[in-house]
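Structure first, commentary second.
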2 protein chains.
Amino acid sequence: MDFHLAALKAFVSAARESSFSRAADCLHLTQPGLSKRIRSLEDALRVELFDRIGRRTVLTEAGRAFLPYALRILAEAEQAGQLLRSLQPAQIGKLHLATTQHIGLYYLKPLLAEFVRQYPGIDLTVDFKTSAETHKLLCQGELELGFMSEPPLHEQALEYVEVLNERLCFAVAQQHPLALLEALTLQDLARYPALLPGSNTRCRRLIENLFQQHATPLDVREPSNYLEALRMLVEAGLGWSALPEVMISSGLCRLPLPQYEPARTIMLAYHRKVSLSGPARLFLEWLKEHPPGLHSVA
Amino acid sequence: MDFHLAALKAFVSAARESSFSRAADCLHLTQPGLSKRIRSLEDALRVELFDRIGRRTVLTEAGRAFLPYALRILAEAEQAGQLLRSLQPAQIGKLHLATTQHIGLYYLKPLLAEFVRQYPGIDLTVDFKTSAETHKLLCQGELELGFMSEPPLHEQALEYVEVLNERLCFAVAQQHPLALLEALTLQDLARYPALLPGSNTRCRRLIENLFQQHATPLDVREPSNYLEALRMLVEAGLGWSALPEVMISSGLCRLPLPQYEPARTIMLAYHRKVSLSGPARLFLEWLKEHPPGLHSVA
DNA sequence: CATCTCCATAATGATTTGGAATGGATTTTC
DNA sequence: GAAAATCCATTCCAAATCATTATGGAGATG
């Protein structure tokens, strides 16, 4: 009897979610991937852990019996990890990083909280900058690590690490006329003002390109570079915008234009030639094992 | 942090043995294999678990700290396995198997003890037969499973599973003249009577072939088919014999002829066309995960 | 100094794993 | 009741991992 801890995590996650696909999302895995991890665990234990009856998946009796053991094993492993970290020579030093407001607010907060909890010796400074500012600071070597949306041109001197992908949705206020229409086209959108960030942002380019491809002129207003501010203005009914999925709040209406929704990549960048400090290397390594995602927002 | 339970076992075993190579033997693994399992665990935990100082390998402080967690995790897994087995529909029925005296005595005893402990519902019958008898019974369908040394001809109708390999050593009594010689040749051996089992045994054939290849005539006595009996006669000083390594007891002297020591394979066989009973299938499966070896004799 | 033992590394072949695409089954919706 | 959507299994393929053999280096041994 011999299995991977990852299989245990898959099992626990699936049991908790009562769904393979949701569990797969949680673990940043595809559904077939998770399916196979569970199968491998079942093979190792020579027991069916789940009843797959049609749409519903429920733990079998054996599954229910095994769950507490799985939890204990994972807890032991977690504790062991904590202990071993505490035994290591304390990781201390300064870590300076920059992020856009949006990334910091929606993805980074829980991540950084967990990081400083694990490494209390690290003196973390976070600057909120626009992607363009961050980019420049990195090139000049005045910043170690920076989160940004994907820049239009990748700088030779910088190394980019993809962190996550984000879908931009078209949104208006609930009371906006567009919210009432059944079927929408880009032309419908174009009849109302668009509230977009500055033209050096990825977001702005994505939308402008989209409309250009469909030969539709666009009435762009540029009230702010900050997505938070744009959302507020959209909620106030001043126009429509394209906002990341996670920002769609109850005051907004997401327009049903899924085929046009562009995606943008959020990246972490650092200078190739500037050798990273210990804390920075640590953070990079740590980030690999703690991929940020929507689940940490919820 | 994510590792394979097999890596934990490797770690525990290496810690217990204070040696990678011995640990590898215990786990029926090669030394580089075990080495890499340990390395993978160290990578996952980001800690060195062993100090490799020259010949000696000792646990690091981190290793000592981790060991109790590893033991607890493995214990939990073991318990979980027990529980799941107990939940399964009771495995009951008759299991009839045959074995040579030697295999039964030296390898099977602890194995069968563990098997009946895990599956108390199974009514186990073990017959002691020679390999040839077992072979015949299997072919006639009068026996489900049989352990035997590798037969000279594989029967088409039978399926053979390799169970383990055994090295045959040349042995004499402590007081025998051969025990005193420094350098030995096969010719030296040939000057004294050989005590070997019947000519339909693998063991006999291996030795006769060996001497034939070296064009050395052999004085064979055939006092018994049973290796136990042969050993007794060798100990009494009646001649030399080739006995499995595990049989070399304190009264015997193993002759230093390693380059001539033949190996024989011990097999488990069953009839291809006779569909196996539940308990027999269970035993076959179970055997895969509980490979017999010297460690179970000790 | 030669030899032995023990562990690490390199190279290779076999097995396993993860992902995209697809299919079958069932529930939901209209 | 038909269509759509949801959910899991399967298949295929590429990439990663694993175990083995062969080899090398570093300490112990004599």
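We use all heavy atoms of the structure for the numbers below, so side chains are in, but hydrogens, waters and symmetry mates are not. Values in this document were obtained by computation on a predicted structure and should not be read as measured data.
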**Message:** I'd like to check the side chain to side chain donor-acceptor pair (under 3.5 Å) partners of Gln175(A); sequence neighbours left out, ordered by chain and number.
**Reply:** none
**Prompt:** Does Ser21(A) put a side-chain nitrogen or oxygen below 4.0 Å from OP1 or OP2 of dC8(D)?
**Reply:** yes
**Message:** With a cut-off of less than 4.0 Å, is there a side-chain N or O of Thr57(B) near OP1 or OP2 of dC6(C)?
**Reply:** no
**Complete:** Asp51(A) atom CG is separated from dC8(D) atom P, nearest whole Å, by 13 Å
**Asked** Counting just side-chain N and O atoms, does Arg52(B) come under 4.0 Å of either OP1 or OP2 of dA8(C)?
**Response** yes
**Spacing between Phe20(A) atom CZ and dA9(D) atom C1', to the nearest angstrom** = 10 Å
**Request:** Check the distance between dC6(C)'s P and Leu34(B)'s CG and give it to me in whole angstrom.
**Result:** 14 Å
**Item:** Listed once per pair and sorted, the salt bridge (charged side-chain N to carboxylate O under 4.0 Å, His left out) pairs that draw on residues 169-181 of chain A, sequence neighbours left out
**Value:** none
**Message:** Checking Asp51(B) now: which residues fulfil salt bridge (charged side-chain N to carboxylate O under 4.0 Å, His left out) with it, not counting sequence neighbours?
**Reply:** none
**Request:** May I have the distance from Phe50(B) (atom CZ) to dA8(C) (atom P), rounded to whole angstrom?
**Result:** 10 Å
**salt bridge (charged side-chain N to carboxylate O under 4.0 Å, His left out) partners for Arg254(A), two or more places apart** = Glu245(A), Glu261(A)
**Prompt:** Has Arg39(B) got a side-chain N or O lying under 4.0 Å from the OP1 or OP2 atom of dT9(C)?
**Reply:** yes
**Request:** Name all pairs fulfilling the ring pair (Phe, Tyr, Trp, His ring centres under 6.0 Å) condition that reach into residues 55-80 of chain B, sequence neighbours left out, sorted by first residue then second.
**Result:** Phe11(B)-Phe66(B)
Provide a list of protein-nucleic acid N or O atom pairs under 3.5 angstrom, restricted to nucleotides 15-19 of chain D.
{"unit_1": "dA19(D)", "atom_1": "OP1", "unit_2": "Arg37(B)", "atom_2": "NE", "d": "3.3"}
{"unit_1": "dA19(D)", "atom_1": "OP1", "unit_2": "Arg37(B)", "atom_2": "NH2", "d": "2.5"}
{"unit_1": "dA19(D)", "atom_1": "N7", "unit_2": "Lys36(B)", "atom_2": "NZ", "d": "3.2"}

**Request:** Using the test salt bridge (charged side-chain N to carboxylate O under 4.0 Å, His left out), find all partners of Lys36(B) that sit at least two apart in sequence or belong to another chain.
**Result:** none
**Prompt:** Would a 4.5 Å heavy-atom cut-off, applied to side chains only, mark Ile73(B) and Leu8(B) as touching?
**Reply:** yes
**Request:** Please figure out whether Gln31(A) or Ile53(A) has its closest DNA chain C nucleotide nearer the 5' end.
**Result:** Gln31(A)
**ring pair (Phe, Tyr, Trp, His ring centres under 6.0 Å) contacts touching residues 247-268 of chain A (sequence neighbours left out)** = His214(A)-Tyr260(A)
**Asked** Which whole-number value in Å describes the distance from Glu48(B) CD to dC7(C) P?
**Response** 15 Å
**Prompt:** Are Arg205(B) and Arg202(B) close enough, and set up right, to give a side chain to side chain contact (heavy atoms under 4.5 Å, CB included), and what steps lead you there?
**Reply:** CA-CA 5 Å; Arg205(B) 281 163 189 272; Arg202(B) 179 92 184 158; 5.8 Å; no
**Request:** Could you tell me, to 10°, how much the axis swings from one end of the helix from dC1(C)-dG30(D) to dC30(C)-dG1(D) to the other, five pairs per end?
**Result:** 30°
Could you give the side-chain donor-acceptor pairs of residues 14-23 of chain A under 3.5 Å, partners two or more places apart or in another chain?
{"unit_1": "Glu17(A)", "atom_1": "OE1", "unit_2": "Arg22(A)", "atom_2": "NE", "d": "3.4"}
{"unit_1": "Ser19(A)", "atom_1": "OG", "unit_2": "Ser21(A)", "atom_2": "N", "d": "3.4"}
{"unit_1": "Ser19(A)", "atom_1": "OG", "unit_2": "Arg22(A)", "atom_2": "N", "d": "3.1"}
{"unit_1": "Arg22(A)", "atom_1": "NH2", "unit_2": "Glu17(A)", "atom_2": "O", "d": "2.6"}

**Complete:** The side chain to side chain contact (heavy atoms under 4.5 Å, CB included) partners of Arg39(A) (sequence neighbours excluded) come to Glu42(A), Asp43(A), Glu48(A), Arg52(A)
For nucleotides 28-30 of chain C, give me every protein contact, N/O to N/O, under 3.5 Å, one pair per line with atom names.
none

**Request:** May I have the distance from Ile38(A) (atom CD1) to dT10(D) (atom P), rounded to whole angstrom?
**Result:** 14 Å
**Prompt:** Between Asp43(B) (CG) and dT9(C) (P), how many Å, whole number?
**Reply:** 11 Å
**Request:** Assess whether side-chain hydrogen bond (donor to acceptor under 3.5 Å, both in side chains) is satisfied between Tyr107(A) and Glu166(A), documenting all intermediate values.
**Result:** CA-CA 11 Å; Tyr107(A) 299 106; Glu166(A) 199 177 52; 2.8 Å; yes
**Request:** Quickly work out the Glu17(A) CD to dC8(D) P distance and round it to whole Å.
**Result:** 11 Å
